[in-house]
Participant: 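Got a structure for you, written out below as structure tokens; questions coming shortly.
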Amino acid sequence: MRTIKLTEEAFDGMVKNMLKRSTDSYPQQEKQVAEILDTIKNEGDAALFDYTKRFDGAEINADTIRVTPKEEREAYDAVDPEMIGIVRRAIKRIRAFHENQKEKSWFMTEDNGMVLGQRITPLAVAGVYVPGGKAVYPSTVLMNIVPAQVAGVPRIIMCTPPGKDGKVAPMTLVAAKEAGADEIYKVGGAQAIAAMAYGTESVPKVDKITGPGNIYVALAKRAVYGHVSIDSVAGPSEITVLADETANAHYVAADLLSQAEHDQLASAILVTTSSKLAEDVSREVDAYLQKLSRREIMEASLENFGYILVTDTMEDAVRAVNEIAPEHLEIETRDPFLMMTKIKNAGAIFIGPYSSEPLGDYFAGPNHVLPTNGTAKFFSALSVDDFVKKSSIIYASREALDPLHKDIIAFAESEQLTAHANSVRVRFEDEN
């Protein structure tokens with residue numbers, strides 16, 4: 001891995017290079033996505049079936065687009081019972097964590113009788129997108145469906161691309177049913193996002209779309225925002241490790257590669273105060289590459305967006321981490337909990353040498369759908385909050401409004417909104 005002494009100039013260049021992964025950098029794909037969205041919006045199912053044939057090589061129609069109970073039973077028969085048990089244990093942990101995120105509606109009463117509050121209600125229909133085709137991502141299924149179910153969403157639908165045989169991977173189906181999906185549709189890509197955003201004869205319009213995907217899915221989600229809500233526009237995966245001389249280079253190198261194997265655009269960065277650790281980690285990475293599969297992907301990822309950044313002080317290292325705002329941050333320092341208090345921007349923080357990133361991906365419980373590409377500065381992990389709405393509640397009696405009404409009238413008139421002022425004034429006409 002390339003090692004850089006972190007000066008101001010070097011840091012600025014590194015951040016600019018990371019931003020090349022932004023969804024703003026794909027004008028040709030954006031044009032293709034716009035065409036797909038427009039066609040699905042205008043032609044509905046007919047376009048959906050055509051795109052599925054064209055992109056996934058699968059023949060589907062109105063009778064086969066939705067996964068049937070028979071297909072679900074076949075999926076359970078095809079999956080190892082031990083794996084089903086693992087999925088159930090993971091769900092138990094994920095659900096327990098997300099249950100702690102639930103908020104209750106609340107009300108407060110003032111002495112004058114005014115009642116104020118906040119009412120929390122779940123979305124009516126949540127749409128989950130799960131990548132598919134050649135790969136299988138049951139963990140993504142769980143991380144998107146479980147918080148929606150915990151939030152109380154009464155209708156959860158999932159879209160995932162079929163294989164050429166027109167079927168969904170058995171493991172994906174089992175995970176979806178165990179997590180609580182109500183309907184599963186065999187459609188993927190930008191066309192699936194369009195179907196959930198606008199609705200077709202077969203696929204219902206949803207209130208919110210969550211879940212990761214390739215650049216076409218990411219661009220489609222960004223384009224339909226406003227027609228529906230979305231969780232975020234996710235980019236390629238990334239990991240940053242903050243470490244000092246006490247860190248285990250063998251572990252650090254393994255963790256960096258755990259994200260580099262995702263994709264050629266994935267980012268893996270070590271920020272350290274130790275030149276020796278930097279050298280040791282680079283050597284360990286080279287050794288791992290000789291024996292791990294997906295070597296070509298990891299090498300390309302490290303060539304494109306892999307860095308070892310060496311700083312003079314831990315303060316400089318923490319500043320660098322907060323500027324990077326990584327999706328996954330591992331802290332392997334002498335006092336990792338103290339370092340954690342200094343981190344302002346990160347999607348998920350893994351503390352200590354045994355809290356490796358895959359723990360969060362699969363089994364710890366917190367959500368692994370996280371902000372990427374620096375957006376952890378203002379976005380959070382997917383949570384129960386993503387599947388509820390918060391409505392303000394206001395009740396005032398005449399007695400409660402009386403001491404406020406002149407201030408409200410003056411405020412409205414200062415904004416030249418005379419009808420606003422009049423709406424309050426007429427309630428006290430008898431006093432004038």
Side-chain angles (χ1 to χ4, degrees), residues 1-21 235-292 294-336 339 342-343 345-347 349-353 355-357 372-374 376:
M1 290 181 68
R2 83 195 88 179
T3 300
I4 299 174
K5 180 67 176 178
L6 193 60
T7 63
E8 289 291 332
E9 182 179 6
F11 180 68
D12 289 342
M14 185 267 298
V15 170
K16 288 177 182 177
N17 195 41
M18 285 183 65
L19 292 177
K20 290 179 182 177
R21 308 182 320 146
S237 189
E238 57 199 40
I239 185 171
T240 294
V241 179
L242 173 64
D244 61 16
E245 71 281 358
T246 67
N248 184 314
H250 198 54
Y251 296 171
V252 172
D255 295 350
L256 291 171
L257 292 174
S258 75
Q259 295 309 292
E261 77 168 338
H262 269 296
D263 150 343
Q264 294 179 350
L265 295 178
S267 169
I269 299 174
L270 167 63
V271 184
T272 182
T273 53
S274 170
S275 295
K276 182 179 185 306
L277 180 71
E279 294 171 4
D280 291 346
V281 168
S282 183
R283 187 165 51 249
E284 290 282 352
V285 165
D286 290 340
Y288 278 128
L289 287 173
Q290 302 306 312
K291 59 186 179 181
L292 292 173
R294 301 174 71 84
R295 176 178 174 176
E296 289 185 5
I297 293 174
M298 289 187 285
E299 287 180 334
S301 169
L302 296 178
E303 176 65 26
N304 292 327
F305 302 106
Y307 297 89
I308 297 177
L309 306 177
V310 181
T311 66
D312 290 326
T313 67
M314 188 55 68
E315 289 72 22
D316 288 341
V318 168
R319 174 176 168 265
V321 168
N322 280 323
E323 191 61 31
I324 295 167
E327 177 188 19
H328 307 100
L329 171 66
E330 291 187 3
I331 303 178
E332 299 192 29
T333 61
R334 180 174 287 100
D335 191 346
M339 286 299 105
K342 301 177 184 296
I343 300 302
N345 305 319
I349 303 173
F350 300 78
I351 300 173
S355 305
S356 64
E357 190 278 337
T372 60
N373 210 45

Participant: For I343, does its backbone N or O pair with a side-chain atom of N322 as donor and acceptor, under 3.5 Å?
Facilitator: no
Participant: Report the distance from atom CG of L277 to atom CG of L270, rounding to the nearest 0.5 Å.
Facilitator: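 Going from CG on L277 over to CG on L270, the span is 5.5 Å.
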Participant: Can you check side chain to side chain contact (heavy atoms under 4.5 Å, CB included) on L329 and F350, steps first, answer last?
Facilitator: CA-CA 6 Å; L329 171 66; F350 300 78; 5.9 Å; no
Participant: Mind listing the closest non-hydrogen atom pair of T372 and G235 along with its distance?
Facilitator: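 Scanning both residues completely, I find the closest heavy atoms to be OG1-N, 2.7 Å.
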Participant: Is a side-chain N or O of T272 found less than 3.5 angstrom from the main chain of A278, in a donor-acceptor match?
Facilitator: no
Participant: Could you tell me whether R334 and E245 have a side-chain N and a carboxylate O separated by less than 4.0 Å?
Facilitator: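 Result for this pair is yes, salt bridge flagged.
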Participant: Any chance you could measure I4, atom CD1, to I269, atom CD1, to the nearest 0.5 Å?
Facilitator: 9.0 Å
Participant: Are side-chain heavy atoms of E357 and D255 found at a separation under 4.5 Å?
Facilitator: no
Participant: Verify the distance criterion only: is there a donor paired with an acceptor across the side chains of E238 and Q259 at less than 3.5 Å?
Facilitator: no
Participant: Let me confirm one number: the CD1-OG1 distance from I324 to T240, rounded to the nearest 0.5 Å.
Facilitator: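 Nearest 0.5 Å value for the CD1-OG1 distance: 4.5 Å.
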Participant: Strictly distance-based, threshold 3.5 Å: is any side-chain N or O of N304 a donor or acceptor partner for the main-chain N or O of Q264?
Facilitator: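 Looks like yes, one N/O pair under 3.5 Å.
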Participant: Of all residues at least two apart in sequence or in a different chain, which pass the side chain to side chain donor-acceptor pair (under 3.5 Å) check with E327?
Facilitator: S237
Participant: Take N248 and V252, measure what side chain to side chain contact (heavy atoms under 4.5 Å, CB included) needs, and give me the verdict at the end.
Facilitator: CA-CA 6 Å; N248 184 314; V252 172; 5.8 Å; no
Participant: What is the minimum heavy-atom distance between A268 and L256, and which atoms define it?
Facilitator: CB-O, 3.6 Å
Participant: Can you check whether L257 reaches V285 side chain to side chain, under 4.5 Å on heavy atoms?
Facilitator: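 Of all side-chain heavy-atom pairs linking V285 with L257, at least one is under 4.5 Å.
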Participant: Please enumerate all residues that pass side chain to side chain contact (heavy atoms under 4.5 Å, CB included) together with I351, with sequence neighbours excluded.
Facilitator: P336, F337, M340, I349
Participant: Between D280 and R283, does a salt bridge (charged side-chain N to carboxylate O under 4.0 Å, His left out) hold up when you go through it step by step?
Facilitator: CA-CA 5 Å; D280 291 346; R283 187 165 51 249; 2.5 Å; yes
Participant: List the atom of E261, the atom of I297, and the distance in Å for their closest heavy-atom pair.
Facilitator: O-CG2, 3.5 Å
Participant: Using 0.5 Å steps for rounding, measure from the NE2 atom of H250 to the OH atom of Y288.
Facilitator: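 These two atoms lie 3.0 Å from each other.
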Participant: Determine, step by step, whether D244 and S274 satisfy the side chain to side chain contact (heavy atoms under 4.5 Å, CB included) criterion, reporting the C-alpha distance in whole Å, the side-chain angles of both residues, the deciding distance to 0.1 Å, and the verdict.
Facilitator: CA-CA 6 Å; D244 61 16; S274 170; 5.8 Å; no
Participant: Please determine if R319 and E315 form a salt bridge, counting it only when a charged side-chain N lies under 4.0 Å from a carboxylate O.
Facilitator: no
Participant: CD of E296: more than 12 outside heavy atoms within 6.0 angstrom?
Facilitator: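 It does not: E296 CD has 12 such atoms or fewer within range.
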Participant: For the residue pair L289 and L302, what are the closest heavy atoms and their distance?
Facilitator: CD1-CD1, 4.4 Å
Participant: Between atom OG of S355 and atom CD of E332, what is the distance when rounded to the nearest 0.5 Å?
Facilitator: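 Rounded to the nearest 0.5 Å, the OG-CD separation comes out at 8.5 Å.
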Participant: Take T3 and V310, measure what side chain to side chain contact (heavy atoms under 4.5 Å, CB included) needs, and give me the verdict at the end.
Facilitator: CA-CA 7 Å; T3 300; V310 181; 3.8 Å; yes
Participant: To the nearest 0.5 Å, what is the distance between CE (M298) and CZ (R295)?
Facilitator: 8.5 Å
Participant: Mind listing the closest non-hydrogen atom pair of A320 and L6 along with its distance?
Facilitator: CB-CD2, 3.6 Å
Participant: Nearest heavy-atom pair of S301 and A266: which atoms, and what distance?
Facilitator: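 Looks like OG-O, 2.7 Å.
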